[in-house]
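First up is the structure itself, then whatever we jot down about it.
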Number of protein chains: 2
Amino acid sequence: MNARRPYRREAEEARRAALIEATLDCIAEGGPQAATVRAIALKAGVTPGLIRHYFATKEELVAAAHETLMTRLTEASAARLDELPADPVARLAGFIGNAVTPPVVDARALSLWAASLQLVPRDAAMRAVHEATYLAFRNRLEGMIADALRAAGKPATPARTRRMAIAGNALMDGLWIEASLLPELFESGEMRSIAIHAFARLLDLNLPE
Amino acid sequence: MNARRPYRREAEEARRAALIEATLDCIAEGGPQAATVRAIALKAGVTPGLIRHYFATKEELVAAAHETLMTRLTEASAARLDELPADPVARLAGFIGNAVTPPVVDARALSLWAASLQLVPRDAAMRAVHEATYLAFRNRLEGMIADALRAAGKPATPARTRRMAIAGNALMDGLWIEASLLPELFESGEMRSIAIHAFARLLDLNLPE
DNA sequence: GCTTAAATTATACGCTTGCATAATTGCCAG
DNA sequence: CTGGCAATTATGCAAGCGTATAATTTAAGC
């Protein structure tokens, strides 16, 4: 059989996105070493040579995938801001609770995040992405903390809110990790409760659960 | 040249340990995909075939390396317990501070930890190791929290200390991650201060910094 | 010193990898 | 409808991969 497989052309953005998605799938399923050119191409429904048309090297594709993932994780918590109450205190509580429960809590996302994170100490670009996404999240949290404090008539100096944001962000990350990896160790709703209660202590605020 | 390279025999434990160490070095330097049989052997100062003498497959060696790493990380915080004050409150403060400062805070250790962590969602053995080490650390922390609360004359019911340990552990993990990855974002001693202060709030204890 | 078990080196194998290149085909503009 | 650009498939290459196996050397016991 000499017949070529029929194909349809796609826009560049669609192709790049599909390749990036396929890469993330491969990594999630088999770790970084599973993201071979052939595996990615197969997952994306194209042939291996196509990757080199859209990305100079496989390494560039993998880097783009990691960057997409980190950005997406940061946005996951922001995606539902519209659904939160307008009241700053309740808004903050909702934000915190969402960050430690599904769908943000997710084993696959955690695995991908860890795969990206191991690159940070040795890849300058990945490190820059991590720093940017960390600061973006933390700053958003700090803003919400400041709003909640002010709404409760408590002091919200930048030095104070910064420290609260650093600690709060760390707490949320740590809870997110364990909730994603070992969900059966915790009762339903327990993580949300622990997170919100801990924040209430840190901020000396009465946060609704 | 037909000359074989001269060699010395070593005890099995020493060989296995050297191979495991070499594996961790490879992963730390180049990620999971860099831990090839040849790279590991070279790093360990042996030839590739030796790996198969001590481990059935390369995969088994990599798994042993990850397990060693996770166990070692848990023990890193315990290693200096002897140096801490006997007073339960000061002891807890010291434990917390140490967990978020060097040498526990370390980019290489973080990178290796992340590499191990990405395996947890899909490798039953790795997951079991993670669960065991997580619970070991958390339980130790819980014990120290309980001791400190009692020393301060405060209630230390198991339900309460468990929640505190979950939150406290998460906080420490989160701070450890960012202190390891982005140290230049924080002032010297700042993480220790933030961690201890946050714990003081969580536990409603006066912890010495 | 000699023998022997086994640790270790050296080499080979089939398969896989990222990348290169040529040919074909889809689709748009004229 | 036709021609041409370029997206896409197909194929190939050199290097590297994990594993297998044979040969050599070390070192312990007698």
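Just so we're on the same page: letters track the sequence lines, and every chain starts at 1.
- When heavy atoms are screened at a 4.0 angstrom cut-off, B:Phe55 is found touching no nucleic acid atom at all.
- When only modelled atom types and interatomic distance are considered, A:Ser193 and B:Arg163 share a side-chain donor-acceptor pair under 3.5 Å.
- Atom CZ in B:Arg16 sits roughly 15 Å away from atom C1' in C:dA7 (whole-Å rounding).
- Contact between the side-chain N/O atoms of B:Tyr54 and the OP1/OP2 oxygens of C:dT8 is found at a separation under 4.0 Å.
- Judged by distance alone, with hydrogens and angles left aside, B:Arg5 brings no side-chain donor or acceptor close enough to the base of C:dA10 to form a pair under 3.5 Å.
- For the residue pair B:His130/A:Glu178, the side-chain donor-acceptor check at 3.5 Å is satisfied.
- Within a 6.0 Å sphere centred on CD of B:Glu142, other residues, nucleotides and ligands contribute more than 12 heavy atoms.
- Using a 4.0 Å heavy-atom distance criterion, A:Glu59 is classed as making no nucleic acid contact.
- You'll find the side chain of A:Leu61 reaches within 4.5 Å of the side chain of A:Ile20, heavy atoms only.
- Among the heavy atoms of the strands lying under 4.0 Å from A:Thr47 is at least one base atom, whether or not backbone atoms are also near.
- A close approach under 4.0 Å does not occur between any side-chain nitrogen or oxygen of B:His53 and OP1 or OP2 of C:dT8.
- Residue contacts for B:Arg38: at a heavy-atom cut-off of 4.0 Å it reaches a base atom on one of the strands shown.
- Donor-acceptor pairing under 3.5 Å, judged by distance alone, is absent between the side chain of B:Tyr7 and the base of D:dT26.
- Side-chain atoms of A:Arg9 and base atoms of D:dT8 include no donor and acceptor less than 3.5 Å apart.
- As a whole-Å value, the separation of B:Ile40 CD1 from D:dC17 P is 10 Å.
- Looking at A:Arg4, its side chain has no donor and acceptor atom pair within 3.5 Å of the base of C:dT25.
- More than 12 heavy atoms of other shown residues, nucleotides or ligands fall within 6.0 angstrom of atom CD in B:Glu209.
- For the pair B:Pro6 and B:Ala56, nearest-nucleotide mapping onto DNA chain D gives the more 5' position to B:Ala56.
- When rounded to the nearest whole Å, the span between CG of A:Leu50 and C1' of C:dT24 equals 14 Å.
- Considering only side-chain N and O atoms, B:Arg15 lies under 4.0 angstrom from the phosphate OP1 or OP2 of C:dT8.
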